Amino acid sequence: MRYFLSLGSNLGNRRACLAGALAALKKARVKVLRSSSLYRTQPFGYSAQPWFYNRVVEVSTALEPADLLALIKTVEKGLGRRPARRNRPRTIDIDILLAEERVFSTRQLTVPHPRMAKRNFVLVPLLEIAPTAIHPVLKEKISDLRKRSPDKSAVIKITDKGGRTSS
C-alpha cells in the first residue's frame, strides 16, 4: 500500500531527527518512493516554540494503516518523542496523511489526516511531490487545496550554502 507521510521536528538536531525517522522506517521495510525538499516552517497553533523542519514522503509498505501507525509510534519513541499536548515542541512527529484513496477512521487514527487541507507545512511539501493527488474525502487535488488554504504561516525551502536545494 502507498502512503504519504508528514515528518516534522523542532527540538534537538532537527535534520538528524528527520533522517533518523526515515532510516528507522526503511529498516522496518517501509520503502521510500519519493521525498520532498526539506522545509523550515513556522509553528502552527502554539507560536512560542522553535520553528520546525518538515518534509513529506511517499512510501510503500505491506502494512495496513493501524499497523503503520503502531510502527510510527515506535519510531517516534525511539527518537525521543514524549507525550505532550497537540502543537507543542517535539523531536519528531510523523503523521499519515493519505493511504491511497482509502478513508479510514478509528479512535487512534483518521486517514486522510483531518487537518491536512488547512496546514501549509503539509500542503507545500506534498504539492512538491504529488500536486495531482486527490484528497479522497474532499475530492480535490492537492494543488487546489494549497491555493485555498487559510493557513498564512511561513514555509521556506531549505537550501545549502551553495544555493542548492537541500533534500
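The structure displayed is predicted, hence computed values, not measured ones.
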Indicate the atoms forming the closest heavy-atom contact of [X] with [Y], along with that distance.
| X | Y | value |
| --- | --- | --- |
| Leu145 | His135 | CD1-CB, 3.8 Å |
| Pro136 | Leu98 | CD-CD2, 3.7 Å |
| Leu11 | Cys17 | O-SG, 4.0 Å |
| Gly8 | Asn54 | CA-ND2, 3.4 Å |
| Lys118 | Leu123 | N-CD1, 4.5 Å |
| Lys157 | Glu128 | CE-OE1, 4.2 Å |

Report task. Not counting sequence neighbours, which residues clear side-chain hydrogen bond (donor to acceptor under 3.5 Å, both in side chains) with Arg29? List them please. Result -> none
Requested in this report: Return the set of residues passing side-chain hydrogen bond (donor to acceptor under 3.5 Å, both in side chains) with Arg115 (not counting sequence neighbours), or none when no residue passes.
Outcome: none
Could you measure the distance from the [atom1] atom of [X] to the [atom2] atom of [Y]? Nearest 0.5 Å is fine.
| X | Y | atom1 | atom2 | result |
| --- | --- | --- | --- | --- |
| Thr41 | Ile158 | OG1 | CD1 | 8.5 Å |
| Thr61 | Met1 | OG1 | CE | 10.0 Å |
| Leu126 | Glu58 | CG | CD | 9.5 Å |
| Arg90 | Ser9 | CZ | OG | 9.0 Å |
| Leu33 | Arg2 | CG | CZ | 5.0 Å |

Report task. For the pair Arg40 and Tyr53, evaluate side-chain contact (heavy atoms from CB on, under 4.5 Å) and give the outcome as yes or no after the intermediate values. Result -> CA-CA 5 Å; Arg40 184 172 175 262; Tyr53 277 14; 4.3 Å; yes
Report task. Might you work through the side-chain contact (heavy atoms from CB on, under 4.5 Å) test for Asp93 and Glu76, ending with a clear yes or no? Result -> CA-CA 7 Å; Asp93 183 37; Glu76 288 178 337; 3.7 Å; yes
Sub-4.5 Å side-chain heavy-atom contact between [X] and [Y]:
| X | Y | answer |
| --- | --- | --- |
| Asp95 | Met116 | no |
| Ile96 | His113 | no |
| Asn120 | Arg146 | yes |
| Ile134 | Glu101 | no |
| Ser6 | Pro125 | no |
| Ile156 | Trp51 | yes |
| Val75 | Ile92 | no |
| Val59 | Leu25 | no |

Verify the cluster assignment for [X] and [Y]: are they in a single hydrophobic cluster under the rule of side-chain heavy atoms below 4.5 Å apart?
| X | Y | answer |
| --- | --- | --- |
| Phe4 | Tyr39 | no |
| Val122 | Val137 | no |
| Leu97 | Ile142 | yes |
| Leu18 | Val155 | no |
| Ile94 | Val111 | yes |

Query raised in the report: Going by an N to O cut-off under 4.0 Å, is there a salt bridge joining Arg148 and Glu140?
Result: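 Answer for the salt bridge query: yes.
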Query raised in the report: Would you say the side-chain atoms of Ser149 and Asp151 include a donor-acceptor pair closer than 3.5 Å?
Result: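 There is no such pair between these side chains.
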Listed pairs under 3.5 Å, donor-acceptor, residues 64-72 side chains, sequence neighbours left out:
from	atom 1	to	atom 2	distance (Å)
Glu64	OE1	Arg102	NH1	2.8
Glu64	OE1	Arg102	NH2	3.3

